[in-house]
Amino acid sequence: MTSYPPVKEARAILTDSKNQSPSTSPAWGPMEVANNVTEFIFLGLSQDPGMQLMFFALFLLFYIMIMVGNLLVLLTVFFDPQLHTPMYFFLSNLSFVDIAYSSATAPKMIADLVSEKKTISYWGCITQMFTFHFFGCAEIFVLTVMAFDRYAAICQPLRYTTIMSANACAVLASLSWLGALGHSFVQTLLTFQLPFCNAQVIDHYFCDVHPVLKLACADTALVNMLVVANSGLISLGCFLIILASYTVILFSLQKRSAESRRKALSTCGSHLMVVTFFFVPCVFIYLRPSTTFPLDKVVSVFYTTIAPMLNPLIYTLRNQDVKNAMKRQWSRKFSLKEKQKG
């Protein structure tokens, strides 16, 4: 039976692995690299038992809210014909992404908070990193497309139905998912084509690129640059595109009536809040070399758990159309019950 080192020993192993000089083997090599690691050990968010129980209750509540909130938005958009528009088509995509994205890390993190053995297999780590970056990048692209949709609706109202036709929406959504797939494949391949010799303690609560790269027994300078180009520039580039689109929208609203400005700003304000909650932490984490800080775990919690939980709250509390659609769904449900009783 395999034994696992306690937390203090795990931290000592991590410190020793940091002090070891990296191998001079090249970062690029065949897939049959020497690999002595079959599993990794997470240090997690905290080693204090009391804090772990508190985090367990807190993040379990957060995850339930993510599931319930995003499923509610997804089902409301699906069943209400009045919400079958480009804006809500992409909102339903966002809700689906949030469910899958948070599920890539939250269940494992929650289970580890009440487990003595915070381990993940080598292939489990690969799978977690791939799914995390796949759905995370999909969220970046979907948010960018949503900004373009708002630009077309507000700045090009007469051409909106042509620009955002059903075919155009399908193409934009497909490109978002295909782009995310390509990003995740490259990101995972760049990380796990490296050899992992003895170090297996990940100073994090899930398999992300920077913490895992620190364990590789090879020169990772080139891989680090490619990771920054792959993740960091995608996050920053899409963020700047979104900011540019909303800058154009704000200028165009100056010629509109007060009521039109209020409605447009309400919708755009919701989107900008979502963008800020998600993109700022992503840029902080990925647009820098493979250096980890104690703050990284807190920032990661925010964009992996807090942001997906806040998205449905922001869109439902600030969006009258979604609230009205939910009321119609509840009224229809109660009327059906009354008819069945009658």
Side-chain angles (χ1 to χ4, degrees), residues 2 4-5 7 10-11 13-14 17-18 27 31 33 35-47 55 59 63 100-113 115 117-139 180-181 183-218 220 223-224 226-228 230-232 234-235 281-282 284-286 288-305 308:
T2 306
Y4 300 90
V7 172
R11 283 194 173 278
I13 294 172
L14 177 62
S17 66
K18 289 180 180 178
M31 291 303 294
V33 291
N35 198 334
N36 298 327
V37 175
T38 58
E39 63 186 7
F40 296 100
I41 304 169
F42 293 130
L43 287 183
L45 289 172
S46 173
Q47 284 74 50
F55 284 149
F59 287 108
Y63 187 60
Y101 176 59
S102 59
S103 297
T105 57
K108 174 64 176 169
M109 174 187 68
I110 293 168
D112 283 346
L113 287 169
S115 174
K117 301 175 182 178
K118 300 176 175 58
T119 60
I120 188 170
S121 67
Y122 178 83
W123 284 103
C125 190
I126 293 176
T127 303
Q128 186 180 58
M129 184 181 294
F130 180 85
T131 55
F132 171 75
H133 281 277
F134 174 49
F135 291 112
C137 190
E139 177 143 352
L181 181 65
H183 158 80
S184 183
F185 179 80
V186 171
Q187 194 84 316
T188 308
L189 182 63
L190 283 173
T191 304
F192 286 97
Q193 56 86 31
L194 295 169
F196 294 87
C197 302
N198 296 309
Q200 60 181 143
V201 181
I202 299 176
D203 190 11
H204 215 302
Y205 63 90
F206 70 97
C207 287
D208 202 4
V209 179
H210 290 325
V212 173
L213 280 178
K214 294 180 71 173
L215 305 185
C217 51
T220 60
V223 176
N224 282 326
L226 293 173
V227 165
V228 170
N230 190 26
S231 289
I234 286 177
S235 301
C282 283
F284 173 79
I285 292 290
Y286 296 109
R288 56 181 169 85
S290 183
T291 305
T292 56
F293 302 111
L295 186 63
D296 286 357
K297 293 183 185 181
V298 177
V299 175
S300 297
V301 164
F302 200 85
Y303 69 82
T304 59
T305 307

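FYI, side chains are in, hydrogens and waters are out, and symmetry mates aren't considered; it's all heavy atoms of this structure.
- The minimum heavy-atom distance between H183 and C137, with the atom names listed, is CD2-CB, 3.4 Å.
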One pair to check against side chain to side chain contact (heavy atoms under 4.5 Å, CB included): I120 and F42. What are the steps and the verdict? CA-CA 8 Å; I120 188 170; F42 293 130; 3.5 Å; yes
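- Taking OH of Y303 as the reference point, atom CZ of F284 lies at 10.0 Å (rounded to 0.5 Å).
- How far OG of S235 is from CD1 of I285: 10.5 Å, rounded to the nearest 0.5 Å.
- A parallel orientation is assigned to the rings of F130 and F134, their planes being inclined by less than 30° (bins at 30° and 60°).
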Before you tell me yes or no, could you show the steps for V223 and Q193 under side chain to side chain contact (heavy atoms under 4.5 Å, CB included), namely the whole-Å CA-CA distance, both residues' side-chain angles and the distance that decides it to 0.1 Å? CA-CA 10 Å; V223 176; Q193 56 86 31; 3.8 Å; yes
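- Taking all atoms of both residues into account, the shortest heavy-atom contact from H204 to P211 is CD2-CG, 3.3 Å.
- Within the model, atoms OH of Y205 and OG1 of T305 stand 5.0 Å from one another, a figure rounded to the nearest 0.5 Å.
- Minimum heavy-atom separation, P107 to S103: CD-O, 3.3 Å.
- For S300 and D296, the side-chain atoms include no donor-acceptor pair closer than 3.5 Å.
- The closest side-chain donor-acceptor pair between D208 and H133 falls under 3.5 angstrom.
- The minimum heavy-atom distance between Q187 and N230, with the atom names listed, is OE1-ND2, 3.0 Å.
- C125 and V212 make their closest contact through SG-CG2, 4.2 Å (heavy atoms, listed as atom of the first residue, atom of the second, distance).
- Rounding to the nearest 0.5 Å gives a distance of 10.0 Å between CZ of F206 and OG1 of T131.
- If you take CE on M129 and OG1 on T105, they are separated by 12.5 Å, rounding to the nearest 0.5 Å.
- Side-chain contact check for L43 versus K118: every heavy-atom pair is 4.5 Å or farther apart.
- In this structure, the side chains of T188 and S184 come closer than 4.5 Å at one or more pairs of heavy atoms.
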With side chain to side chain contact (heavy atoms under 4.5 Å, CB included) as the criterion, how do N224 and V228 come out once you've worked through the C-alpha distance, each side chain's angles and the decisive distance to 0.1 Å? CA-CA 6 Å; N224 282 326; V228 170; 5.6 Å; no
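- When every heavy atom of I110 is checked against every heavy atom of Y63, the shortest pair comes out as CD1-CB, 3.9 Å.
- Remark: I41 CD1 to D203 CG distance equals 12.5 Å, nearest 0.5 Å.
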Please test C207 against F132 for side chain to side chain contact (heavy atoms under 4.5 Å, CB included), starting from the C-alpha separation and ending with a verdict. CA-CA 9 Å; C207 287; F132 171 75; over 6 Å; no
